[in-house]
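Please read the structure below before turning to the comments.
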Amino acid sequence: VSFNAIDSALSSLKNCQSYINSGMDVATQVALDLVESFNDEEDIDNMEKVMLEYATMDRELNHYIKAFEETINQVKREKPENLPDLENLAQEKFLEMESKNSDSDLQRNEKYMYFKDQLKEMKKQYHGNDTIEQIDEDIAVTRSQMNFICPITQMTMKRPVRNKVCGHIYEEDAILEMIQTQKQKKKKVRCPKMGCSHVDVKGSDLVQDDILKRMIDSQKKQ
């Protein structure tokens, strides 16, 4: 197997990863739809099983890619006179990585963690404890509308993203523009939510808040 053939294969594997990521995004949306429409818990559990299957495939692909990359780097570094069987070398590394697999790896998959987090929030929204004394409806509506307002634009958000560090939510375009502007000035971005002490907002800390987006969209329809 030549280096070029391996590069081409690695490129294909990385493409497969993007399909797995898309599949996990779709499975998350389907699970949220199921919670929203008060479907059977078993259907929601099935979506979780699908997510774990995707996480397993993702882990396997990651190991395969890593095994081949490490093999190529090793051969380039050692420069042996006779080129060894790259495929066998990579396969050995791959099997070694796979032998260390544990269920906790899957639980730590970022998309799976996001799925669990969103599911928990969605269940709280739609299956909250109905016996809790009802807050005055006007206050409840005002409170939820307040959460829809971006602290940067002061307008209702269209694509809300949540900061994993401090938990505050902003309009995606507005916060990314703020980060970009400050980056050019070589400055850090302080969380724009009043009273927040977080002083280094990064793009990598932002995750889409699908539940809030659903609530905003649903209110627009009313």
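No side-chain donor-acceptor contact under 3.5 Å links Asn73 to the backbone of Glu70. At distances below 3.5 Å, at least one donor-acceptor pair connects side-chain atoms of Glu171 with backbone N or O atoms of Lys158. Without hydrogens or angle criteria, Asn109 side chain to Leu106 main chain gives no donor-acceptor distance under 3.5 Å. At distances below 3.5 Å, at least one donor-acceptor pair connects side-chain atoms of Tyr114 with backbone N or O atoms of Gln208. The closest donor-acceptor contact from the side chain of His198 to the backbone of Asp200 lies under 3.5 Å.
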Donor-acceptor contacts, no H, no angles, side chain residues 11-18, under 3.5 Å, sequence neighbours left out:
residue: Ser12; atom: OG; partner: Ser8; partner atom: O; Å: 3.2
residue: Lys14; atom: NZ; partner: Glu69; partner atom: OE2; Å: 3.1
residue: Gln17; atom: NE2; partner: Asn62; partner atom: OD1; Å: 2.5
residue: Ser18; atom: OG; partner: Asn15; partner atom: O; Å: 2.6

Please report, to 0.1 Å, the donor-acceptor pairs under 3.5 Å made by any side chain of residues 179-190, with sequence neighbours excluded.
residue: Thr181; atom: OG1; partner: Glu177; partner atom: O; Å: 2.8

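Asn163 CG to Ile175 CD1: the interatomic distance, rounded to the nearest 0.5 Å, is 7.5 Å. A distance of 11.5 Å separates OG1 in Thr28 from CE in Met122, rounded to the nearest 0.5 Å. A distance of 11.0 Å separates CZ of Phe94 from CD1 of Ile65, quoted to the nearest 0.5 Å. Taking CD of Glu60 as the reference point, atom CD1 of Ile20 lies at 9.0 Å (rounded to 0.5 Å). Separating the CE atom in Met51 from the CG atom in Asn46 is a distance of 14.0 Å, to the nearest 0.5 Å. A distance of 4.5 Å separates CD of Gln107 from OH of Tyr112, quoted to the nearest 0.5 Å.
Side-chain contact between Met57 and Leu61 is absent, with no heavy atoms from C-beta onward closer than 4.5 Å. Using a 4.5 Å cut-off on side-chain heavy atoms (C-beta onward), Thr156 and Ile149 make contact. Side-chain contact check for Val30 versus Val26: some heavy-atom pair is nearer than 4.5 Å. The closest side-chain heavy-atom distance from Arg214 to Asp33 is below 4.5 Å. Between Lys116 and Lys111, the closest side-chain pair of non-hydrogen atoms is not below 4.5 Å. Side chains of Gln91 and Tyr64 form a contact here, defined as non-hydrogen atoms less than 4.5 Å apart.
Side chains of Gln74 and Lys93: a donor on one and an acceptor on the other come within 3.5 Å.
Atom NZ of Lys164 has more than 12 neighbouring heavy atoms from other residues, nucleotides or ligands inside a 6.0 Å radius. Within 6.0 Å of CD in Glu42 there are 12 or fewer heavy atoms belonging to other residues, nucleotides or ligands.
Under the 4.0 Å criterion applied to side-chain N and carboxylate O atoms, Arg159 and Asp209 are not assigned as salt-bridge partners. Between Glu53 and Lys49, no side-chain nitrogen of the basic residue sits less than 4.0 Å from a carboxylate oxygen of the acidic one, so the salt-bridge criterion is not met. Salt bridge absent: Glu172 and Lys213 never bring a charged side-chain N and a carboxylate O closer than 4.0 Å.
Shown here for Leu176 and Leu206, the closest heavy-atom pair between the two residues is CD2-CD1, 4.0 Å. Across Tyr54 and Met24, no two heavy atoms sit closer than the pair CB-CG, 3.4 Å. For the pair Ile216 and Pro160, the tightest heavy-atom approach, listed with the atom from each and the gap, is CD1-CG, 4.3 Å. Taking each heavy atom of Asp105 and Lys100 in turn, the nearest pair found is OD2-O, 4.3 Å. The shortest heavy-atom contact between Pro151 and Pro192 is CB-O, 3.9 Å. Taking every heavy atom of both residues into account, Cys191 and Tyr170 meet most closely at SG-OH, 3.1 Å.
Linking ILVMFWY residues whenever their side-chain heavy atoms come closer than 4.5 Å, directly or via other members, leaves Met157 and Ile152 in distinct clusters. Hydrophobic clustering of Ile, Leu, Val, Met, Phe, Trp and Tyr side chains at less than 4.5 Å, counting indirect connections, keeps Met97 apart from Ile72. One hydrophobic cluster, built from ILVMFWY side chains closer than 4.5 Å, cannot hold both Val207 and Ile211; they sit in different ones. Val161 and Phe148 fall into different hydrophobic clusters, where Ile, Leu, Val, Met, Phe, Trp and Tyr side chains are chained together by heavy-atom contacts under 4.5 Å. Residues Ile169 and Val201 do not share a hydrophobic cluster, defined by chaining ILVMFWY side chains whose heavy atoms lie under 4.5 Å apart.
With sequence neighbours excluded, the residues forming a side-chain contact (heavy atoms from CB on, under 4.5 Å) with Met155 are Thr153, listed by chain and number.
Of the residues listed (Asp117, Asp205, Asp210), the one engaging Arg162 in a salt bridge (Lys or Arg N to Asp or Glu O under 4.0 Å) is Asp117, and it is the only one.
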- Message: Evaluate Glu41 against Asp45 for side chain to side chain contact (heavy atoms under 4.5 Å, CB included), listing each step before the verdict.
- Response: CA-CA 6 Å; Glu41 195 66 35; Asp45 288 343; 4.2 Å; yes
